[in-house]
A.B. asks: 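Before anything else, here's the structure in question.
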Amino acid sequence: MIGIARAHTNIALIKYWGKRDKKLFLPMNSSLSLTLDAFYTDTKVTFDQTLTKDTFFLNNKEETTEKITPFLDLFREKMSSPRFAKVESLNFVPTAAGLASSASAFAALAGAINQASGLHLDTQTLSTFARRGSGSATRSLYGGFVEWNKGTDSHNSMAIPIDDASWDIAMIIIVVNQAKKTISSRDGMALTVQTSPFYQAWVESAEKDLQNIKQAIANKDFITLGEITEFNGMKMHGTMLGSNPPFCYFEPETIIAQQAIRQLRAEGIPAYMTMDAGPNVKVLCQTSTIPTILSHLETLFSKDKLIISKVGKAMHYLTQDDWEQSLQSFEDTL
Ligand code: 2P0
């Protein structure tokens with residue numbers, strides 16, 4: 001009863017910001033993301049009848065199972081002979097990237113449990129389980145452009161693969177600050193839903209953005225894709241400025257990065273930005289323009305603050321040999 005899976009992280013182009021059901025992780029609006037190749041989590045799950053409790057090792061270090069055990073329970077409810085599990089995870093999302101890893105973490109965990117349990121859930125059903133660990137994990141079950149349809153209930157609030165994004169799409173992450181954020185996205189979105197007078201307008205506008213971005217993807221229209229991405233991300237941050245008390249994730253260097261992207265566009269380079277619950281700036285661009293964009297950004301940021309990612313694949317299962325290799329490459333990065 002062993003399962004091993006890899007899932008990549010994702011960056012939302014149409015953001016998820018607000019829950020209509022906190023327990024079931026049902027979102028207020030549907031969202032859409034790009035799965036990234038550069039950042040992923042490998043997870044091995046072993047159900048073992050000799051264990052007397054769950055255990056969890058993250059990057060070879062034992063951690064609390066307070067988030068893992070309730071997640072395992074969702075699957076154990078369906079298993080004919082539920083057992084405790086040993087969970088081992090290797091996070092290839094460098095702390096230096098300043099990116100949250102909960103999306104790849106819960107998508108990989110869902111995959112590994114699925115294989116170890118023998119439940120053989122299909123990928124869409126699995127995405128509804130990943131959602132219960134962290135909303136953004138819903139989208140990390142698939143590669144390329146992925147929609148998280150908000151659905152009407154817990155069974156159909158799920159991921160839908162939209163396009164494999166194999167048309168010159170890439171992302172550059174500008175690392176402004178890698179420190180842990182002071183307001184978690186979970187708390188930030190809850191405060192926004194409760195207090196921001198802009199929130200209802202956000203929900204309505206995000207649904208329109210989603211329809212428009214899906215059309216742009218269908219047309220492989222990079223400019224429209226980028227314009228909607230930037231418009232949607234900025235609106236999400238606008239709802240936070242209208243919260244009570246107001247809050248903002250931008251830092252001075254966030255603004256410098258934003259100005260650099262606008263400057264690139266003024267020079268005719270198509271590059272568009274999006275920011276999440278933190279100060280880092282993610283630049284949606286075309287693979288072919290990466291050298292030009294980098295040479296401009298390197299005048300403002302050191303090279304180690306600029307991380308390039310191509311498009312990532314769907315969650316997939318790994319062999320024991322793959323796992324040994326992951327352990328080795330993790331050791332090598334230390
Ligand atoms: C997103 N974010 O769509 C949005 C945009 C951050 C800003 O999903 O409470 O860690 O675990 O469901 O998924 C980050 O929030 O929150 C997030 P929970 P999650 O990517």
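These figures come from a predicted structure and were not determined experimentally. Counting starts at 1 for both ligands and their atoms, following the listed order.
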A.B. asks: Partners of Lys61 by salt bridge (charged side-chain N to carboxylate O under 4.0 Å, His left out), sequence neighbours excluded?
C.D. replies: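 Here the qualifying residues are Glu63.
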
A.B. asks: Which residue pairs pass the ring-ring contact (aromatic ring centres under 6.0 Å, His included) test with at least one member in residues 278-334, sequence neighbours excluded?
C.D. replies: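 Of all non-adjacent pairs touching residues 278-334, those that pass ring-ring contact (aromatic ring centres under 6.0 Å, His included) are Phe92-Phe330.
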
A.B. asks: Can you work out which protein residues put a heavy atom within less than 4.0 Å of ligand 1?
C.D. replies: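 Ligand 1 is contacted, at a heavy-atom distance under 4.0 Å, by Ala12, Lys15, Tyr16, Trp17, Lys19, Phe25, Ser102, Ser134, Gly135, Ser136, Arg139, Ser185, Arg186, Met189, Met236, Asp276, Ala277.
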
A.B. asks: Scan Lys15, His237, Lys282 and name whichever one has a side-chain hydrogen bond (donor to acceptor under 3.5 Å, both in side chains) with Thr274.
C.D. replies: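 Between Thr274 and the candidates, side-chain hydrogen bond (donor to acceptor under 3.5 Å, both in side chains) is satisfied uniquely by Lys15.
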
A.B. asks: Could you give me the CA-CA distance, side-chain angles and deciding distance for Leu210 and Asn29, then say whether side chain to side chain contact (heavy atoms under 4.5 Å, CB included) is met?
C.D. replies: CA-CA 9 Å; Leu210 179 71; Asn29 64 284; over 6 Å; no

A.B. asks: Can you tell me which residue pairs pass the side-chain hydrogen bond (donor to acceptor under 3.5 Å, both in side chains) test with a partner in residues 72-81, sequence neighbours excluded?
C.D. replies: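 Passing the test, one end in residues 72-81: Asp54-Arg76, Asp73-Arg76.
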
A.B. asks: Whether the Asp332 and Gln328 side chains hold a donor-acceptor pair (N or O, under 3.5 Å, no angle test) is what I'd like checked.
C.D. replies: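 The answer is yes; a qualifying pair exists.
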
